[in-house]
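Note: hydrogens, waters and symmetry copies are ignored here, and every other heavy atom, side chains too, is used. Remember, it's a predicted structure, so these values are computed and weren't measured experimentally. Chain identifiers are assigned alphabetically (A, B, ...) following the order of the sequence lines, protein sequences preceding nucleic acid strands; residue numbering begins at 1 within each chain.
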Number of protein chains: 2
Amino acid sequence: MPEDRTHKVSCSSYVYEVEVAFEILSGKWIPLIVWTLSTEGTKRFGELRKIMPSVTQKMLTQQLRTLEKRGIVSRKVYPEVPPVVEYSLTEIGQKLLPILKEFNGWAKDYLSTRNAGKPSAD
Amino acid sequence: MPEDRTHKVSCSSYVYEVEVAFEILSGKWIPLIVWTLSTEGTKRFGELRKIMPSVTQKMLTQQLRTLEKRGIVSRKVYPEVPPVVEYSLTEIGQKLLPILKEFNGWAKDYLSTRNAGKPSAD
DNA sequence: CCGTATCCGTTATGATACTG
DNA sequence: CAGTATCATAACGGATACGG
């Protein structure tokens, strides 16, 4: 197994808790995955693949497993053939949504401010 | 120059703006630096070093320059001998504080929840 | 359908020494 | 005081092929 960092978050050294928050949400596709599960609700693996075609299968699996270890995502396996696996946010994971929405709003503000002085392509 | 990614953020491809927000705050020490400048206000380079002794000089310089390029931090140089350089948040950078506070609160909640079922060391 | 294993290039970070 | 340069390594991410 590639054994990603797994960041024993609850044991990591940190000065302010905000660092823990960003550590938990670190990973190239993690914000996108959390946002998707927040706004769309429970999804199967294949559905997530369709929604996020730019994420390779390997990365989607890996980032979901990381989120599971960090306690943000819950994984439910139905022992059928062919297999069915559903992903959803845990309770603490769901509490991220309002904050992510504000962050989203901030980024819109940021982008419009940045492009304000740039008429054409930068 | 090591020429960090510099992520032409305003041109990066993204599906949701929230991804841009996380991209802007990406970097091992960036959340800590932004939080510090948010809560403590304008600081000189040497002061930041004292406040964050775990950050090497190279990394502090690099992450501050990255934040400057991304438009979050403002750098003011006083042409004196010895040199004086002050760092502060830009207007858009200051707007991050309330959101970072919420992340901080969420992380406290997260950490207490995680440690709830773990009496001793993890 | 939902993964894992392997290979391998790129990026991020750190140690250390030196400078206007 | 506030950086730069250089070197070395580790973490991350992507392509591809295979498996229960």
Side-chain angles (χ1 to χ4, degrees), chain A residues 1-9 12-14 19 22-33 42-70 73-88, chain B residues 1-9 12-13 19 22-33 37 42-70 73-88:
Chain A
M1 266 179 289
E3 183 62 48
D4 74 303
R5 299 174 64 190
T6 305
H7 274 320
K8 299 190 111 186
V9 180
S12 304
S13 62
Y14 57 89
E19 296 175 72
F22 278 91
E23 192 178 321
I24 291 167
L25 275 338
S26 69
K28 187 164 181 178
W29 307 105
I30 281 184
L32 176 59
I33 292 169
T42 301
K43 289 288 169 194
R44 292 182 54 176
F45 186 81
E47 294 179 301
L48 290 174
R49 287 228 64 194
K50 284 174 202 161
I51 297 171
M52 301 175 280
S54 55
V55 187
T56 64
Q57 189 170 41
K58 172 196 163 183
M59 287 311 297
L60 184 56
T61 301
Q62 186 185 103
Q63 307 262 288
L64 283 167
R65 291 298 159 82
T66 297
L67 284 167
E68 194 186 0
K69 287 179 198 163
R70 293 177 184 175
V73 160
S74 175
R75 180 171 179 263
K76 188 169 184 180
V77 182
Y78 296 86
E80 304 170 3
V81 176
V84 172
V85 182
E86 284 182 351
Y87 292 93
S88 59
Chain B
M1 266 181 291
E3 184 62 46
D4 75 302
R5 301 173 62 188
T6 306
H7 273 320
K8 299 190 110 187
V9 180
S12 304
S13 64
E19 296 174 73
F22 278 97
E23 193 178 320
I24 292 167
L25 273 335
S26 69
K28 187 165 181 180
W29 307 105
I30 281 183
L32 176 58
I33 292 169
L37 288 174
T42 301
K43 290 289 170 195
R44 293 181 55 177
F45 185 81
E47 294 178 304
L48 291 173
R49 287 228 63 194
K50 283 176 203 162
I51 296 171
M52 302 175 278
S54 56
V55 187
T56 64
Q57 188 170 41
K58 174 194 162 183
M59 287 311 297
L60 184 56
T61 300
Q62 185 185 104
Q63 307 261 287
L64 282 166
R65 292 296 160 82
T66 297
L67 284 167
E68 193 187 1
K69 287 178 197 163
R70 293 176 186 175
V73 159
S74 176
R75 180 170 178 264
K76 187 169 184 180
V77 182
Y78 296 86
E80 304 170 4
V81 177
V84 172
V85 182
E86 283 183 351
Y87 292 93
S88 59

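Nucleic acid contact class of A:Tyr78 (heavy atoms, under 4.0 Å, all strands): none. In this structure, A:Arg44 reaches the sugar-phosphate backbone alone: every heavy-atom distance under 4.0 Å involves primed, P, OP1 or OP2 atoms, never a base. Using a 4.0 Å heavy-atom criterion, one finds that B:Gln63 contacts the sugar-phosphate atoms exclusively.
The base of C:dG14 sits within donor-acceptor range of the side chain of B:Lys58, with an N or O pair under 3.5 Å.
Without hydrogens or angle criteria, A:Glu19 side chain to A:Tyr14 main chain gives no donor-acceptor distance under 3.5 Å. Looking at A:Arg75, its side chain never comes within 3.5 Å of a backbone N or O of A:Leu64 through a donor-acceptor pair. A:Arg49 contributes no side-chain N or O that, together with a main-chain N or O of A:Leu60, makes up a donor-acceptor pair within less than 3.5 Å.
Residue A:Glu68 contributes atom CD, which lies 14 Å from atom C1' of C:dC2 at whole-angstrom precision. Atom CD in B:Glu23 sits roughly 17 Å away from atom P in D:dC12 (whole-Å rounding). At whole-Å resolution of the value, CD in A:Gln62 and P in D:dC12 are 9 Å apart. Across the protein-nucleic acid pair, A:Lys76 atom NZ and C:dC1 atom C1' stand 18 Å apart, rounded to whole Å. Separating the CG atom of A:Leu25 from the C1' atom of D:dC12 is a distance of 17 Å, rounded to the nearest angstrom. Atoms CE (B:Met52) and C1' (D:dA2) sit 14 Å apart, rounded to a whole Å. One can place CG of A:Leu64 at 11 Å from P of C:dT4, the figure rounded to the nearest angstrom. The CE-C1' distance, from B:Met59 to D:dA5, rounds to 15 Å in whole Å.
For A:Gln57, the side-chain atoms get nearest to C:dT4 when compared with the rest of D:dG14, C:dA17, C:dT4. With D:dG13, C:dG14, D:dT4 as the candidates, the nucleotide lying closest to the side chain of B:Lys28 is C:dG14. Between C:dC2, D:dG14, D:dG3, one nucleotide has an atom nearer to the side chain of B:Phe45 than all others, and that is D:dG3.
Between D:dC1 and B:Tyr87, no contact under 4.0 Å exists linking OP1 or OP2 to a side-chain N or O. B:Arg65 has no side-chain polar atom (N or O) that falls below the 4.0 Å cut-off from OP1 or OP2 of D:dA2.
Taking for each of A:Trp29 and B:Thr61 the nucleotide of DNA chain D with the nearest heavy atom, the 5'-most of the two is the partner of B:Thr61.
The side-chain heavy atoms of A:Phe45 and A:Thr61, taken from C-beta on, include a pair separated by under 4.5 Å.
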Run the side-chain contact (heavy atoms from CB on, under 4.5 Å) test on A:Tyr87 and A:Ile33 for me, step by step, so that the C-alpha distance in whole Å, both residues' side-chain angles and the decisive distance to 0.1 Å come before the verdict. CA-CA 10 Å; A:Tyr87 292 93; A:Ile33 292 169; over 6 Å; no
